[in-house]
Amino acid sequence: MDRAALNRQIKTLRKLSHYSYQTSRTVSSAAGAAQLAEAVQDETRIDSPSSWDALLLFGSGQTEKSLRSQLENFNQSCPIADFIHTAAYAESLTTVEQDKFTITNGQSLEWQTLTTTSLKPLSLQWLNDSKGLINDEGVNLITSIDSAMTETENLKTERNKRLAPKEEHKASKLNAELIHASSRRSLVQAITQFGNNDEHWAFVLLVGDLESLTMMKNAI
């Protein structure tokens, strides 16, 4: 693989998120999944995807503490703004008197655009591959210099020490479901199958390149 091929691995994804603390009333995670599916179904939303393979990340619990624990664990290894925000809401609900806390009232669900390198597991893979290329490129360059400059051996040793360590992604316990969908309708139908009676929940839907989504699922 060369540098151009590595850069072509960076793909654009669409993201849609929904969580229990942005609804106008308390609903179950099954109802939340239905609301998310309804947003996917809406063709008028800006930046709506054109392909429909997806990765659905979600967590739920019967208490704020349970959901917060799941999300905080996930955010340590793969921080996603939506889950960070939801975990903060959940923490506030456990520490503030209910009658003094205002929950977001019916916030709209909108598509957002991001790249695969915005997600830590895929970013780490890309960086590790990039380091490998730098190492190979450096070896080729230094080989031609070694015959004239033996002192570059020290530079090679230091360079290799710097490039060799690879940061590893730590797996989380959040639910991750890969959805093969050929159309908007099939994705909507798949999403409605998720959820339960838990009243504290969060969903993040990533839509786009199947290979990248599969790598993401395997990493978490």
Side-chain angles (χ1 to χ4, degrees), residues 11-64 66-75 77-78 80-87 89-90 104 106-114 116 119 121-122 171-220:
K11 305 293 185 180
T12 297
L13 302 175
R14 295 289 191 272
K15 180 183 72 171
L16 194 64
S17 64
H18 191 34
Y19 56 93
S20 53
Y21 310 130
Q22 67 180 165
T23 60
S24 57
R25 60 184 177 85
T26 300
V27 299
S28 68
S29 65
Q35 292 173 351
L36 180 66
E38 184 178 349
V40 173
Q41 181 65 51
D42 186 354
E43 299 181 13
T44 66
R45 293 179 186 273
I46 297 174
D47 290 332
S48 182
S50 57
S51 61
W52 301 101
D53 287 321
L55 178 64
L56 183 63
L57 306 173
F58 63 98
S60 68
Q62 295 182 355
T63 65
E64 302 94 334
S66 175
L67 176 62
R68 186 187 73 200
S69 177
Q70 294 176 51
L71 297 180
E72 288 180 344
N73 178 51
F74 182 84
N75 287 330
S77 56
C78 182
I80 294 180
D82 312 87
F83 286 154
I84 293 173
H85 190 55
T86 306
Y89 261 93
T104 307
Q107 182 173 327
S108 176
L109 286 73
E110 299 296 340
W111 289 103
Q112 298 179 35
T113 301
L114 68 161
T116 50
L119 302 167
L122 301 184
S172 73
K173 295 181 179 180
L174 204 70
N175 297 305
E177 294 292 339
L178 193 63
I179 303 172
H180 299 279
S182 59
S183 66
R184 185 191 300 269
R185 181 179 179 181
S186 61
L187 177 57
V188 168
Q189 291 175 337
I191 294 172
T192 59
Q193 303 304 309
F194 295 98
N196 53 31
N197 291 325
D198 290 342
E199 295 183 349
H200 304 271
W201 45 267
F203 293 96
V204 168
L205 180 70
L206 301 172
V207 178
D209 177 65
L210 179 60
E211 182 179 359
S212 298
L213 296 173
T214 301
M215 289 175 58
M216 179 71 176
K217 183 181 187 304
N218 291 338
I220 61 177

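Values below: all heavy atoms of this structure, side chains included; hydrogens, waters and symmetry mates excluded.
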Just by distance, do the side chain of [X] and the backbone of [Y] share a donor-acceptor pair under 3.5 Å?
X      : Y      : result
Asp42  : Thr44  : yes
Thr192 : Ala34  : no
Thr23  : Thr26  : no
Ser48  : Arg45  : no
Arg184 : Val40  : yes
Asn175 : Leu57  : no
Asn218 : Thr214 : yes
Arg14  : Asp47  : yes
Ser186 : Ser182 : yes
Ser20  : Trp201 : yes

Gap between atom [atom2] of [Y] and atom [atom1] of [X] - 0.5 Å precision:
X     : Y      : atom1 : atom2 : value
Asp82 : His85  : CG    : NE2   : 9.0 Å
Thr86 : Ile80  : OG1   : CD1   : 10.5 Å
Leu67 : Asp198 : CG    : CG    : 9.0 Å
Leu16 : Ile191 : CG    : CD1   : 7.5 Å
Gln35 : Phe203 : CD    : CZ    : 9.5 Å
Ser17 : Trp111 : OG    : CH2   : 10.5 Å

Can you name the closest pair of heavy atoms from [X] and [Y] and give their distance?
X      : Y      : value
Arg68  : Ala90  : CB-CB, 3.9 Å
Val188 : Ala37  : CG2-O, 3.6 Å
Ser51  : Val207 : O-CG1, 3.1 Å
Asp53  : Ala181 : OD1-N, 3.1 Å
Gly32  : His18  : O-CD2, 3.4 Å
Leu71  : Leu174 : CD2-CD1, 4.0 Å

* To do: Please lay out, stage by stage, how Leu213 and Leu206 fare under the test side-chain contact (heavy atoms from CB on, under 4.5 Å).
  => CA-CA 8 Å; Leu213 296 173; Leu206 301 172; 3.9 Å; yes
* Side chains of Gln22 and Tyr89: closer than 4.5 Å at any heavy-atom pair? -> no
* Asked: Can you check whether Leu36 reaches Leu56 side chain to side chain, under 4.5 Å on heavy atoms?
  -> yes
* More than 12 non-hydrogen atoms from neighbouring residues, nucleotides or ligands closer than 6.0 Å to CD on Glu211, yes or no? -> no
* Asked: More than 12 non-hydrogen atoms from neighbouring residues, nucleotides or ligands closer than 6.0 Å to CD on Gln189, yes or no?
  -> yes
* To do: Given side chain to side chain donor-acceptor pair (under 3.5 Å), test Tyr21 with His200 step by step and report yes or no.
  => CA-CA 8 Å; Tyr21 310 130; His200 304 271; 2.9 Å; yes
* How about Ser29 and Asn196: does a side-chain donor come under 3.5 Å of a side-chain acceptor? -> yes
* Hey, mind stepping through Phe83 and Val204 against side-chain contact (heavy atoms from CB on, under 4.5 Å) and telling me if it holds? -> CA-CA 8 Å; Phe83 286 154; Val204 168; 3.5 Å; yes
